[in-house]
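Comments concern the structure below.
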Amino acid sequence: MAENTLTLIDNRTNQTYKVPIENGAIRAMDLRQIKTGPEDFGLMSYDPAFMNTASCKSTITFIDGDKGILRYRGYPIEQLAEHCTFLEVAYLLIHGELPTEQQKRGWVDDIKHHTMIHETTKDFMARFRYDAHPMEILVSTLAALATVYPEAKNIADPENRRRQIVRLIAKVPTIAAYAYRHSLGFPYVYPDNDLSYTENFMNMLWKMVEPKYVANPVLARALDILFILHADHEQNCSANAMRAVGSSHPDPYLAAAGASAALAGPLHGGANEEVLKMLDVIGDKKNIPDYIKKVKEGQFLLMGFGHRVYKNYDPRARIIKQIAEQVFQVTGTNPKLEIALELEKIALQDEYFVKRKLYPNVDFYSGIIYEAMGFKPEMFTVLFAIPRMTGWLAHWQEMLTDKEQKIARPRQLYVGSDLRKVPEQFGIKAAIGA
Ligand SMILES: CC(C)(COP(=O)(O)OP(=O)(O)OC[C@H]1O[C@@H](n2cnc3c(N)ncnc32)[C@H](O)[C@@H]1OP(=O)(O)O)[C@@H](O)C(=O)NCCC(=O)NCCS
């Protein structure tokens with residue numbers, strides 16, 4: 001039987017090394033033994049942007065980017081989107097299994113009883129400038145929650161961890177809705193425990209003077225499915241940030257603030273807002289060929305296209321396209337959809353995109369649906385952050401309980417100046433130790 005090892009020959013020394021292969025990978029630390037002499041630090045692997053480096057073992061999410069497969073804890077995303085609610089999927093991501101009826105009641109009840117934020121946090125949010133971006137308010141407020149729950153620092157206690165996980169999943173829609181209302185100058189709406197997770201979020205966003213907010217069931221379910229699709233995506237930029245920040249053992253509010261900051265960028269969660277801006281710039285189907293030409297010349301990216309992992313159609317984009325039809329039956333169609341569909345059609349036939357395996361990703365259609373539902377583009381990344389909080393927390397917990405994990409501290413290849421002396425002209429400013 002073939003051996004599960006890799007044989008390496010160092011041509012500098014003619015030495016041969018045999019290193020084990022486990023789960024389709026070699027351990028980078030096994031390279032350290034490869035030296036040219038006793039003074040040599042040992043061989044490292046160089047991998048900017050982690051293009052081919054597994055930083056952990058994980059049981060949360062499986063992606064096969066070539067086949068366009070996405071599964072949470074083994075369940076295909078298509079089945080979860082069809083049969084489950086977001087809170088059931090959140091339970092699955094955090095606990096590893098779908099809940100029983102009894103577990104579900106306890107979980108939903110727990111989440112509902114932690115949706116309120118402290119009045120001082122509400123006051124804190126009221127101090128942001130009237131035109132502050134909701135995503136930036138969210139990032140800052142998540143960090144501020146650390147000041148409200150000082151016991152959250154005790155991350156070694158599983159019960160304490162669980163309480164903060166519930167708090168974060170429960171409070172992120174409340175903070176998101178407050179951030180939105182703040183930007184409009186509207187009074188805050190307190191959570192309503194009669195409503196489901198998504199209905200309550202819609203209530204906190206859009207309730208005006210009516211005594212009870214009633215969400216349109218089609219739109220509430222569409223939002224719930226969008227939350228399921230965005231809940232996790234293995235070692236994406238923000239999950240990696242959650243793990244990296246969390247690895248120095250701050251409380252989860254600070255780690256989640258770091259993760260959400262990573263999500264805010266236009267190459268990650270900020271892309272759906274950029275897609276809408278791009279569709280606005282294109283303005284009409286007749287302008288698409290000229291726009292594509294400029295993309296190919298490298299003037300700008302086609303936002304909502306391409307993915308580090310998917311080199312095939314993003315399975316989430318396929319589900320979102322179906323949701324779009326249901327949403328538009330309620331809201332009326334969004335004229336940008338026509339431009340998006342035509343853009344996709346042209347791009348999928350164009351040699352530039354075909355050769356590079358650039359397909360629509362999750363962000364390509366989500367913004368169009370969000371806009372039809374009444375969300376402003378500034379809220380799109382926030383809508384991504386709400387469900388992704390669950391994924392971040394699942395990764396945070398997995399990282400903390402993984403005995404192999406330590407503080408995340410990569411190596412570097414130093415290519416700067418060799419030892420040199422500060423020039424005479426700088427003189428002596430102060431005696432060392434004075
Ligand atoms: C997602 C993304 C960051 C992945 O980047 P990556 O894995 O590092 O891929 P690369 O940047 O190496 O891209 C490979 C090639 O495709 C091109 N490319 C990638 N995405 C492109 C896009 N959206 N439009 C046009 N060209 C694109 C790159 O220019 C590069 O071309 P080259 O080989 O001629 O240099 C990138 O595709 C992107 O910026 N997309 C737009 C933003 C977006 O929608 N983000 C949401 C992700 S869910």
Side-chain angles (χ1 to χ4, degrees), residues 46-55 61 63-66 68-70 77 135 226-241 259-282 287-321 336 339-340 342-371 377 380-388 391-392:
Y46 174 59
D47 189 10
F50 304 122
M51 297 290 285
N52 195 37
T53 293
S55 65
T61 291
I63 301 176
D64 184 326
D66 291 328
I69 293 173
L70 169 62
I77 192 69
M135 190 59 192
L226 285 162
F227 280 1
I228 292 172
L229 302 182
H230 285 86
D232 192 47
H233 214 229
E234 53 120 300
Q235 307 307 316
N236 57 88
C237 178
S238 56
N240 182 54
S260 53
L263 186 74
L267 296 189
H268 190 8
N272 49 15
E273 190 176 337
E274 297 301 318
V275 171
L276 260 265
K277 285 187 200 156
M278 175 185 82
L279 295 175
D280 269 338
V281 169
I282 296 174
N287 300 327
I288 292 176
D290 188 46
Y291 196 86
I292 296 261
K293 184 168 158 272
K294 289 183 177 145
V295 168
K296 284 158 59 177
E297 284 164 6
Q299 292 192 35
F300 31 69
L301 293 168
L302 188 58
M303 296 312 285
F305 262 70
H307 199 275
R308 171 61 58 81
V309 179
Y310 292 120
K311 302 301 170 198
N312 196 325
Y313 212 97
D314 182 336
R316 300 166 301 171
R318 193 170 280 124
I319 300 171
I320 289 181
K321 236 171 134 177
K336 290 188 186 115
I339 303 176
E342 185 66 15
L343 199 56
E344 176 188 327
K345 200 171 106 198
I346 295 178
L348 290 182
Q349 291 164 358
D350 192 292
E351 154 86 9
Y352 176 94
F353 297 90
V354 174
K355 206 173 98 201
R356 291 171 177 78
K357 299 190 175 165
L358 298 170
Y359 291 89
N361 59 46
V362 70
D363 295 311
F364 191 64
Y365 288 107
S366 60
I368 303 171
I369 303 181
Y370 290 144
E371 191 177 63
F380 294 174
T381 317
V382 176
L383 291 167
F384 196 154
I386 294 171
R388 188 52 66 85
W392 294 333

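The model shown is predicted, which means the values in this text are computed figures rather than measured ones. Counting convention: from 1, in listed order, for ligands and their atoms alike.
One N or O on the side chain of N287 and one on the backbone of I282 form a donor-acceptor pair closer than 3.5 Å. Judged by distance alone, the side chain of R356 and the main-chain N or O of Y352 form a donor-acceptor pair under 3.5 Å.
Looking at E351 and K296, no side-chain N of the basic residue comes within less than 4.0 Å of a carboxylate O on the acidic one, giving no salt bridge. The residues K294 and D290 are annotated as salt-bridged, a charged nitrogen and a carboxylate oxygen being separated by less than 4.0 angstrom.
When each of N272, I319, I320 is tested with Y365 by the rule side chain to side chain contact (heavy atoms under 4.5 Å, CB included), just one qualifies, namely I320.
Defined by atom type and a distance below 3.5 Å, a donor-acceptor pair is present between the side-chain atoms of S238 and H268.
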Are there any protein N or O atoms under 3.5 Å from the N or O atoms of ligand 1? List them with distances, or say none.
unit_1: ligand 1; atom_1: 7 (O); unit_2: R308; atom_2: NE; d: 2.8
unit_1: ligand 1; atom_1: 8 (O); unit_2: R308; atom_2: NH2; d: 2.9
unit_1: ligand 1; atom_1: 23 (N); unit_2: L302; atom_2: O; d: 2.7
unit_1: ligand 1; atom_1: 23 (N); unit_2: F305; atom_2: O; d: 2.9
unit_1: ligand 1; atom_1: 24 (N); unit_2: L302; atom_2: N; d: 2.9
unit_1: ligand 1; atom_1: 26 (N); unit_2: Y352; atom_2: OH; d: 3.1
unit_1: ligand 1; atom_1: 31 (O); unit_2: R356; atom_2: NE; d: 3.1
unit_1: ligand 1; atom_1: 34 (O); unit_2: R356; atom_2: NE; d: 3.1
unit_1: ligand 1; atom_1: 34 (O); unit_2: R356; atom_2: NH2; d: 2.9
unit_1: ligand 1; atom_1: 40 (N); unit_2: F305; atom_2: O; d: 3.0
unit_1: ligand 1; atom_1: 44 (O); unit_2: G304; atom_2: N; d: 2.9
unit_1: ligand 1; atom_1: 44 (O); unit_2: N361; atom_2: ND2; d: 3.0
unit_1: ligand 1; atom_1: 45 (N); unit_2: L267; atom_2: O; d: 3.3

